[in-house]
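Positions are given from 1 along the sequence.
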Amino acid sequence: MKLKSHVSLLAQGVAVWATFWVLGLPRYYQQYSPAVLGVGCTLLSVAISLAALYVLLSARPATRMSRALWLSVYYTVPFAALDSIYCGLVLGHGASYLSQYWYLSVFYVTPWLTFPTTALLLRTRDRSER
């Protein structure tokens, strides 16, 4: 991937985090019940899965896995770093924010499960279409 693409993905990741941060105000989603957060996480996971399909289907088969891995990096590492700064340092929760804000923490892992798995499934589909 070219440097421009890396910068673009990093900017997108930071913009998405900032959007979710603003939407979570005033208490970064702590104002909602665990049930509502669970439903929200489920719906967001479905949206991420559909986005993975859309983005990876538009990629050349030879670059899908690489793209999936880079998307996983840029949609988890900035989120975790920014949440660590905000929740851990600014709000003063330290590492305990990982459990207190579990609905954020799950999204540090799920893109790593979703994007590469989708790329693998599409590879299998491509082989069966030959």
Practice task
Work out which heavy atom in Q31 is nearest to a heavy atom in G24; give both atom names and the distance.
Solution key: NE2-O, 3.3 Å
Any donor-acceptor pair under 3.5 Å from [X] side chain to [Y] backbone:
X    : Y   : value
Q100 : Q30 : no
T42  : G38 : yes
T118 : L53 : no

Separation of [Y] [atom2] from [X] [atom1] (nearest 0.5 Å):
X    : Y    : atom1 : atom2 : answer
L121 : R64  : CG    : CZ    : 11.0 Å
S72  : L113 : OG    : CG    : 8.5 Å
Y108 : T110 : OH    : OG1   : 11.0 Å

Less than 4.5 Å apart, any side-chain heavy atom of [X] and any of [Y]?
X    : Y    : answer
S66  : M1   : no
L44  : F20  : yes
H6   : L9   : no
L56  : M65  : no
Y29  : V36  : no
L69  : F115 : no
P111 : L71  : no

Are [Y] and [X] linked, directly or through intermediate hydrophobic residues, by side-chain heavy-atom contacts shorter than 4.5 Å (ILVMFWY only)?
X   : Y    : value
L57 : L120 : yes
L23 : V106 : yes
I48 : V39  : no
L91 : V22  : yes
V7  : Y74  : no

Problem - Worked check of side chain to side chain contact (heavy atoms under 4.5 Å, CB included) between Y28 and L104 - result: CA-CA 10 Å; Y28 210 19; L104 303 173; 3.3 Å; yes
Practice task
Indicate, with yes or no, if the rings of F107 and F79 have centres closer together than 6.0 Å.
Solution key: no
Completion exercise
Exactly one of Y101, Y97, W17 clears side chain to side chain donor-acceptor pair (under 3.5 Å) with D83, and that residue is W17
